A.B. asks: 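Pasting in a structure now, in structure tokens, and then I'll have a few things to ask.
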Amino acid sequence: MPQVERIDDYRWRIPRQGGMRTEGLIFADEQLMRDLEGDQAVQQVANVAHLPGIVGPAIAMPDIHWGYGFPIGGVAAFDEAEGVVSPGGVGYDINCGVRLLATPLTLGEARPRLRQLVDALYATIPSGLGASRSDVRLARGDLDQVLRLGARWAVEQGYGDPADLEAIEGNGTLPDADPDCVSDRAKERGKSQLGTVGSGNHFVEVGYVAERHDERVADRLGLGPATVTVFIHSGSRGLGYQVCDDHLDLMLRAAAKYGIALPDKQLCCAPLGSPEGKRYWGAMNAAANYAFANRQLMAHYARRALGTVFGEDTARRTRLVYDVCHNIAKHETHEVSGARTRLCVHRKGATRAFPPGHPELAPQFRDIGQPVLIPGDMGRYSYVLVGTAGAFTETFGSSCHGAGRRLSRHKAKQLARPRNIPMELEAQGILIRAATRATVDEEMPEAYKDVARVVDVVDRAGIGKKVAQLKPVAVVKG
DNA sequence: ATGTAC
């Protein structure tokens, strides 16, 4: 366990020690930090600081927890000439992310038909592990187009509104995608899973605006008082998993080949300019586009379900608020020691949080900043924030991504076994539909930290600004 | 997260 020093109420430093090339910076309040004592995740932050070409500190958000190599809730930026790209710094679920829809309904209007809505969502959107096949039949060559075009492919096929694209990080298409870098096996796994939720912490959730912290920005985002929302959390499914797995071995060999010392083999990586690094880059972006298309299809299905229950007008007036990646690496321009510098920013369990005025934001977000979507657990609440200048200067334009686990899946299942979690949720006014009991038990609200505390750290440290709190009323889990 | 090991 490395040494940790308190900087202020919300910041902690891991000073350079051993082979660290830079220091670590953890955002947390005293209680969150206490919970981290003895946690492997703190060591993982220090490990990331060993990698060549790292610029600024190895950063951890208040929802940090143990992950493959890099911690989940981590941000690491690398110099384009000297730095590396690492699959462990992106995560197995490439472009895991969330998207939020705002319906024209208020909770009062939706309440009488919520049971119908959750049943319609469960019937319309395939969920669960493996066999969850979608009804999208990809013709020969279509998958490559999905990998190249992402959400734009889906919109061109009639899934959703062209206006949706402006409300997606990077407009839903990452340009460096190269389908030729994606293995046949990954493509095979991806063919039948487009438009499916998946399992674990992935979900489709109906909620409502319970609190508005910034009314002006909430209004601009279509989040009026009691507005009913649909929150979608999913990623690149088996395809992204396979892309990550395919490259771990290659990266381990590349690290040896280029003389990169690894404090942990799971940090395996390759120089950004190397053939190995470029190959992963093309594949990672392709998988990210698959995830964008996946969420675009699910949003289409969610609108279809809303249409079935509340009428076509409701479906048509349901707008995409925003869609963010929280497992991705990107080339971005940041200011380093007063100079504009191109960096490769890895965000693993961290959300981009660009400030007002950033040129990459679509016009409708220029003056308010980028929406930052933070799901909590299925029993309490989630948050919408916007990016800030503070995030841009201090965390390479990044914020947290969720509540963060406090119980292992195994521990949560043990705790849930004698109880009936769906019934407990229903008693709180939250309907749940899930493929298996195991998933619900693992995902019980107590398995997560209080996301309000996580978001408060982000807000008070100035690396994000609270806009609205959403409370769940119906959840579909895998 | 993940056809929880080809």
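Predicted model only: the values in this text are computed from it and were never measured.
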A.B. asks: Atom CD of A/Glu188 to atom C1' of B/dT2: distance rounded to whole Å?
C.D. replies: 17 Å

A.B. asks: B/dT2 P sits how many Å from A/Arg237 CZ, rounded?
C.D. replies: 5 Å

A.B. asks: For A/Ala329 and A/Cys344, which heavy atoms make the closest approach, and how far apart are they?
C.D. replies: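 Closest pair (atom of A/Ala329, atom of A/Cys344, distance): CB-SG, 4.1 Å.
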
A.B. asks: Checking A/Gln43 against A/Asn47 for the side-chain hydrogen bond (donor to acceptor under 3.5 Å, both in side chains) test, could you report, in this order, the C-alpha distance in whole Å, the side-chain angles of both residues, the deciding distance, and whether it holds?
C.D. replies: CA-CA 6 Å; A/Gln43 182 63 54; A/Asn47 289 347; 3.0 Å; yes

A.B. asks: Which residue pairs pass the salt bridge (Lys or Arg N to Asp or Glu O under 4.0 Å) test when at least one of the two sits in residues 289-303 of chain A, sequence neighbours left out?
C.D. replies: A/Asp164-A/Arg303, A/Arg295-A/Asp323

A.B. asks: Indicate, with a heavy-atom threshold strictly under 4.0 Å, whether A/Ser199 touches base, sugar-phosphate, or nothing.
C.D. replies: sugar-phosphate

A.B. asks: Starting at NE2 of A/His202 and ending at P of B/dT4, how long is that distance when rounded to a whole Å?
C.D. replies: 16 Å

A.B. asks: Reckon A/Gly235 touches a base, only the sugar-phosphate, or nothing at all at heavy-atom distances under 4.0 Å?
C.D. replies: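 Nothing, no heavy atom under 4.0 Å.
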
A.B. asks: Take atom CD of A/Glu443 and atom P of B/dT2, then tell me their distance rounded to the nearest Å.
C.D. replies: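 One finds 11 Å between P of B/dT2 and CD of A/Glu443, rounded.
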
A.B. asks: Over how many whole Å does the gap from A/Asp93 atom CG to B/dT4 atom C1' extend?
C.D. replies: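 Interatomic distance, CG of A/Asp93 to C1' of B/dT4: 15 Å.
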
A.B. asks: Please list all pairs passing the ring pair (Phe, Tyr, Trp, His ring centres under 6.0 Å) test where one or both residues lie in residues 35-73 of chain A, with sequence neighbours left out.
C.D. replies: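 Listed by first then second residue: A/Tyr68-A/Tyr92.
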
A.B. asks: Atom OH of A/Tyr68 and atom P of B/dT2: how far apart are they, to the nearest Å?
C.D. replies: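 Distance, rounded to whole Å: 17 Å.
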
A.B. asks: Without decimals, in angstroms, what is the distance between A/His410 NE2 and B/dT4 C1'?
C.D. replies: 15 Å

A.B. asks: Give the rounded distance in Å between these two atoms: CG of A/Leu248 and P of B/dT2.
C.D. replies: 16 Å

